[in-house]
Amino acid sequence: MAALMEARGLTRHFGGLKAVDGVDFALMPGEIHALIGPNGAGKTTLVGLLSGRMAADSGQVLLAGKDITALPAHARVRLGIAYTFQITSIFPRLSVFDNVALAVQSQGALHLRAGVEAALRRVGLEGLATQVASELSYGHQRLLELAMGLALRPLVLILDEPTQGLAAGEIAGFKALVRALVPDTTVLLIEHNMDVVMDLANRITVLNFGRVLATGTPEAIRANAVVQEAYLGA
Amino acid sequence: MTDGVKVLGLHLAVIAGLYTAQFILPQYHATNLARIMVLAVFATGYNIAFGYTGLLSLGHALFFAAGIYGVGLPLQMLEWTTLPALIAGVLAGGLVAGAVGVLALRTAGVSFMIVTLMFAQAGYLSILYFGSVTGGDEGFALDRAARTLGGIDLALDGYRFALAWGLYAVAMLGCLWLVRSPFGRVMVAMRENEERSQMLGYNPYRVKLTALVISGLYAGAAGAVYAVLFGYVGASFATIQYSILPMLYVLLGGAGTVLGPLIGAAAMFYLIDFASSLTSAYLFFVGLALVLLVLFAPRGVLGAVRERWLRWLP
Amino acid sequence: MASGPFLLLAVMEGMVTAAVLALSAVGLSLVFGVMRVVNVAHGEFYMAGAVIAWFVTTMVPGPAAIGFIAALVIAPALVAAMAALADWLILKRLNYDPEATIVATIGLLYMIQQAALTIYGPDARPVEAPFEWRIQLPWFGYSGYKLFVIAAAVLILLAAWAFMARSKAGLVMRATQVDRDTARSFGINVDRVFTGTFALGAALAALAAVLVVPIQQAHYLMGGDPLLLSFIVVIIGGLGSLRGTVMAALIIGLGDGVISMFFSPTLAKIIATLAVAMVLVFRPRGLFGAKA
């Protein structure tokens, strides 16, 4: 089966630091793929290169076989890549409705109201449409961001530490939500919460110092000695 | 009553009120109001770029002057009739805004302010440099005959007011429609969180350029109508002052509100009118107003009203 | 056209322009470098220096030189105080937000300019040079005072460089420029550094104006051109670098002098304004470009 999204030899420096160092990576259609690694391993940078938030110094990014390396972020979004931020990035002064509407209308403004209500229902935020986004609780803001990502109806949904700051009940709801997304949407997830990772992921990639340490199923990664030493903590 | 009905009702009431004002006010003030309405169109255009999209431009005098000369030169030199000349003025504003935007929008924030200021200055200096064609600093008066539209003499008070009012009504309702449309939402999104907007698939450069061109069309329309109604074309309309005035009107009336520019224009017009009866240094009060607004009331009159009481005000 | 002496004259005039411009531009560059704000009222501080110099020289009795020396001391001091007040009352309250500061300084521009109009009037008035001396070669003559201006500017710039590079205050300013937060955690009172920097920048502009006012006249609108030219110098020369500013001032000053002499001054200004715009659009060089 052909990869939906690929990175080939991706590299990105910041001054003297090699944040991402020649990474090869393949995302298979319909899978939930987790990206783990210690802080500073380059996960957010890698994902930034994939989504177009940052430009690569060298290497390629491919979507469904097409080279999108030169495309700016907004063009990649239109091709079907959605990204939710590690630090919640919504429109705090706008209403919940407007926040989601911006995502829905990006795909075409017909049936806006219905589209927004459907997106809110999916994450369990229906009824909060008229609230100003900044007045939501932290957990609800994370869900709002997720709703916006979903409303884009993406091929690839990239989630950057989505469960951070969520309560246990909210995390359970989040896991159910993500499981319901595949196989129509492919999910790439950066996570520190190992329970979530082991529970959700079909495959895991481990990054350290900007390089791929290992890729495989959760069991294989758990058993991998190199990974254990570097990250999981023996 | 739903918000939509409230909004439309309010804005139509304002338009109706403005129309009847010409019959109630003494002629001096009615003429002032005509001037204010045209300047409010200019400020409304500026608001679309600045208040809604977050583009702090210091170069809008160039777009206003494009309207003034865009109507004035064809009327005076090429002997066009009024309607095509007016259209030329409107389009000139949009075109110049587009040309400036293509370059200036490659920068942001402080750089953008300076680049727009520089282009406007270059425009003003060019008007002086080509004084043989443009009339330079002195400018020129438009022939009475050129200021007629379909046989109607626009220099007469009643018709002058009507055209100014008509322009403002169209401009204001157009702005109302725009800011409540999906694109209006995108403009605000760009202002609020550009990176997030990008990650929702919106092209910042294109959105901002569109907003700037619309803003330029408004400025051009205001300039063109101003020239025809008041009969004078001159380089003074291209000076920095005419970039600062719309910003001041918008800040005072309320950036990001549809009716704010009208309130700001009216208030500042009369403040300056009053100040210039006291001293020839009336611009001092313009400066003072700017400083006080930025320090204490950055939201302006309608901005504060919207926040405290009328959340539904667009 | 007998271009030899004419060209030399243009060059000399350009040098004078460059000298005065360098002083003014260094002031603007300091403010932008340390405080990261653009002071649109900078030209008005310059004008205020000239106007105050006129008042001082008019009021001080005795030979022109005494009045001039008094002006050299009093004008920059008063303008510095004005600037410090503006910083304390306005800029600090705005938290030095870049866009709000520009709007506020535009307001300040009008206030200072119109205050000068009210107090000083709309006329341009000359100030007597401190000494009359003319260098006369067989084929070329030049004003000794103008040579003095160039020399004085060079001295002041050297002093400014020494201050920035060698003194403790200069070190504190440079530290604040490089990293405001770290400076704060080292116990540096950033607010006071900002007020001091703003005052120093204004004082340099005023000083430049006092030097130039015997050559040009003092007029309430004279701040516009120096503002534009200082802007150009700072943007093209790169911020923070004293050397870059001085070199850019030389280029711009000489260029403006030569073009103005052989072509129209208006054309020179058009070229200059477009050049600034194009530099910012295509080569922001990390100056303002970091904000994009």
Side-chain angles (χ1 to χ4, degrees), chain B residues 50 54-56 58-59 100 102-131 136-137 194 204 239-241 243-244 247-248 251 275 278-296 298, chain C residues 32 36-38 40-41 44 86 89-91 93-94 97-119 121-122 220 224 228 231-232 235 264-282 284 287-292:
Chain B
F50 168 54
L55 299 173
L56 218 177
L58 287 178
V100 168
V102 162
L103 287 172
L105 285 171
R106 298 174 63 148
T107 67
V110 169
S111 288
F112 178 75
M113 292 175 87
I114 297 180
V115 172
T116 50
L117 178 62
M118 291 295 128
F119 278 123
Q121 267 303 89
Y124 168 65
L125 292 168
S126 302
I127 294 176
L128 294 182
Y129 189 67
F130 294 107
D137 229 340
E194 183 172 322
T239 57
I240 300 186
Q241 218 175 303
S243 286
I244 307 238
M247 175 174 69
L248 181 55
L251 280 175
L278 295 176
T279 163
S280 60
Y282 64 88
L283 284 174
F284 178 87
F285 295 100
V286 169
L288 183 62
L290 266 179
V291 172
L292 291 176
L293 274 173
V294 160
L295 269 178
F296 301 119
Chain C
F32 186 79
R36 293 273 186 276
V37 294
V38 176
V40 180
E44 304 315 302
L89 279 180
I90 304 173
L91 300 190
R93 298 247 176 100
L94 293 176
D97 171 78
E99 290 180 346
T101 305
I102 291 195
V103 176
T105 51
I106 291 176
L108 200 58
L109 184 165
Y110 279 120
M111 286 171 70
I112 300 177
Q113 187 189 78
Q114 300 286 300
L117 173 60
T118 309
I119 302 175
Y220 85 101
L228 174 65
F231 251 75
I232 297 173
I235 290 173
S264 133
T266 309
L267 185 63
K269 275 190 229 166
I270 295 179
I271 295 175
T273 36
L274 286 177
V276 176
M278 291 308 174
V279 165
L280 276 178
V281 170
F282 292 111
L287 169 60
F288 295 92
K291 284 204 96 193

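Note on naming: letters A, B, ... go to the chains in the order of the sequence lines (proteins, then strands), and numbering restarts at 1 for each one.
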What donor-acceptor contacts under 3.5 angstrom involve side-chain atoms of residues 113-125 of chain B, with partners at least two apart or in another chain?
{"from": "B:Thr116", "atom 1": "OG1", "to": "B:Leu58", "atom 2": "N", "distance (Å)": "3.0"}
{"from": "B:Thr116", "atom 1": "OG1", "to": "B:Phe112", "atom 2": "O", "distance (Å)": "3.0"}
{"from": "B:Thr116", "atom 1": "OG1", "to": "B:Met113", "atom 2": "O", "distance (Å)": "2.8"}

Please tabulate, for the side chains in residues 104-118 of chain C, all donor-acceptor contacts under 3.5 angstrom to protein atoms that are two or more places apart in sequence or on a different chain.
{"from": "C:Thr105", "atom 1": "OG1", "to": "C:Val40", "atom 2": "N", "distance (Å)": "3.3"}
{"from": "C:Thr105", "atom 1": "OG1", "to": "C:Thr101", "atom 2": "O", "distance (Å)": "2.9"}
{"from": "C:Thr105", "atom 1": "OG1", "to": "C:Ile102", "atom 2": "O", "distance (Å)": "3.0"}
{"from": "C:Thr118", "atom 1": "OG1", "to": "C:Gln114", "atom 2": "O", "distance (Å)": "2.8"}

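Using a 4.5 Å cut-off between heavy atoms, B:Leu251 touches chain C through its side chain atoms alone. The parts of B:Leu283 that come within reach of chain C are both its backbone and its side chain, each placing non-hydrogen atoms under 4.5 angstrom from that chain. Looking at C:Leu89, the atoms closer than 4.5 Å to chain B (heavy atoms on both sides) all sit in the backbone: N, CA, C or O. Of the two parts of C:Tyr220, neither the backbone nor the side chain holds a non-hydrogen atom closer than 4.5 Å to a non-hydrogen atom of chain B.
Listed options C:Leu274, C:Ile271, C:Leu267 were ranked by heavy-atom pairs under 4.5 angstrom with chain B; first place goes to C:Leu267. For chain C, the option among B:Val286, B:Leu105, B:Val291 with the highest count of heavy-atom pairs below 4.5 Å is B:Val291.
Between B:Val294 and C:Ala100, the shortest heavy-atom distance links the atoms CG1-O, 3.8 Å. Across C:Val281 and B:Leu103, no two heavy atoms sit closer than the pair CG1-O, 3.5 Å.
Once rounded to the nearest 0.5 Å, the distance linking CG of B:Leu292 with CD1 of C:Ile90 reads 8.5 Å.
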